[in-house]
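These notes are about the structure you will find just below.
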Amino acid sequence: MFDKLEDLLVRYEEIMSELSEPDVANDANRFRKLMKEQSDLTPIVEAYREYKKNKQAIEDALVLLDEESDEEMKELAKEELNEAKSNVAGLEDQLKILLLPKDPNDDKNVIVEIRAGAGGEEAALFAAEIYRMYVHYAESRRWKVETLEADETGIGGMKSVDFMVTGAGAYSVLKYESGVHRVQRVPETESQGRIQTSTCTVAVMPEAEDVDVQIDEKDIRIDVMRASGNGGQCVNTTDSAVRLTHYPTGIVIYSQTEKSQLQNKEKAFALLRSKLYDLELQKQQDAESAARRSQIGTGDRSEKIRTYNFPQGRVTDHRINLTLYKLDKIMNGDIQEIIDACIAADQAKRLSRLEEEG
């Protein structure tokens, strides 16, 4: 590990030197790549420098204890020694985590797909609430949210909704949300006061660029039509809605949220690219070992990941056995504690597997 850290430290210093050269500043692509690499290495280098500083502090304190005769100075040296040892232990754990292989998609924006599951109208209402939960969370992170497509019901529910979240590291955080979300409560439509269980499925996909997915035009049928539903003065009177059918996979994308046919087409293609890219990621994961698939946040859509129990005011994440009694705050977007716990559990599993393999 420490050989690798020394190599990364040398590389970081090389990057800093290159960034100070005038010809690099004039080459936008090279400058951007170096800045990205420098940004990725900075937390590792800072932690490693702090580690080395504390290792040196341990050596200095041991020398002082060996040579010093003054008892007061010895006590100070012991305090410094204990503090430095504690720091070193914590920094070693931090460095192990920082050196874990990074998901290449972590820095990407995401497309989130929410589908109402079992439970009829109550499931659609729950899907709409989960959508709003993510919108509030994204706003708290100063991320941008753009709705790509929504199939709404008459009483405020959503049979389905697709939306894009744009922000630094969005996928690295939201990927832990993929799976089946379950709600337990008395529906407004339930006259007997019985608790009903309903579900919705969340899929979090990294935004795919043109370079990530190549789409052959011969594999797609494009249909244009008038939009349906409440769309304003001109959305229902022009052929602005776009439907894409991808023959090889059977995926159908329908986009009507914009008044412009061109904008709807762009949104539809963005969603199709991400769905195709996500299919490839799923295939890769299925081909990998069971240990890889058992990690937190692999995006298994059929896994029940969380229960929102309204009568008891609690939310339980079943993957990590975490229960929080602050349902109202969570439904308003306060999900950082759950996500942080998922990240920590994922890192612990990956570290454990690396130690077993190594």
F269-V224 co-clustered via ILVMFWY side chain contacts under 4.5 Å: yes
N/O donor-acceptor pair under 3.5 Å between D278 side chain and S274 backbone: no
NZ/NE/NH1/NH2 to OD/OE distance under 4.0 Å, E129 and R132: no
Donor-acceptor side-chain pairing of N264 and S255 below 3.5 angstrom: yes
D162/R115 ion pair, N-O < 4.0 Å: yes
Check: Y176 main-chain N/O paired with R319 side-chain donor or acceptor under 3.5 Å: yes
Check ion pair K55-E92 (N to O, under 4.0 angstrom): no
Connected via hydrophobic side-chain network under 4.5 Å: V252 and I114: no
Non-hydrogen atoms of L8 and V45 that approach each other most closely: O-CG2, 4.3 Å
Heavy-atom side-chain contact between V173 and Y137 under 4.5 Å: yes
Donor-acceptor contact below 3.5 Å, side chain D27 vs main chain D23: no
Side chains of R243 and T245, donor plus acceptor under 3.5 Å: no
Sidechain-backbone polar pair: D107 side chain, G169 backbone, donor-acceptor under 3.5 Å: no
T42 (side chain) donor-acceptor with Q38 (main chain) under 3.5 angstrom: yes
Main-chain N/O of N309 paired with T307 side-chain donor or acceptor, under 3.5 Å: no
Test: D40 and K36 ion pair at under 4.0 Å: yes
Hphob cluster co-occupancy, M16 + F31, side-chain heavy atoms under 4.5 angstrom: yes
Hphob cluster co-occupancy, I215 + I222, side-chain heavy atoms under 4.5 angstrom: yes
Check: T147 main-chain N/O paired with K267 side-chain donor or acceptor under 3.5 Å: yes
Salt bridge present between K78 and E75 (N-O < 4.0 angstrom): yes
Short side-chain donor-acceptor distance under 3.5 Å, E207 and Y277: no
I130 and M331, any side-chain heavy atoms less than 4.5 Å apart: yes
Y12 vs Y48, ring-ring contact (aromatic ring centres under 6.0 Å, His included): CA-CA, chis, key distance, verdict: CA-CA 12 Å; Y12 181 82; Y48 185 45; over 10 Å; no
Co-membership, hydrophobic cluster, residues L272 and Y247, 4.5 Å side-chain: no
Y325-Q312 side chain donor-acceptor pair, cut-off 3.5 Å: no
Residue of the set M133, H136, K326 for which side-chain contact (heavy atoms from CB on, under 4.5 Å) holds with D334: K326
Side-chain heavy atoms of L41 within contact of R11, under 4.5 Å: yes
Under 3.5 Å: donor-acceptor pair, side chain of N54, backbone of E50: yes
Side-chain donor-acceptor pair present, E121, T153, cut-off under 3.5 Å: yes
Neighbour count above 12 (heavy atom, 6.0 Å) for E6 CD: yes
Any M164 side-chain heavy atom under 4.5 Å of L271 side chain: no
Heavy-atom neighbours of K33 NZ exceed 12 at 6.0 Å: no
Heavy-atom donor-acceptor pair, S178 side chain to V204 backbone, under 3.5 Å: yes
Residue pair I320 / A341: nearest heavy atoms and the distance that separates them: CD1-CB, 3.5 Å
Heavy-atom closest contact (R185 atom, P311 atom, distance): CA-CD, 4.0 Å
Over 12 foreign heavy atoms within 6.0 Å of NZ, K265: no
Within-4.5 Å side-chain heavy-atom neighbours: V186 and F310: no
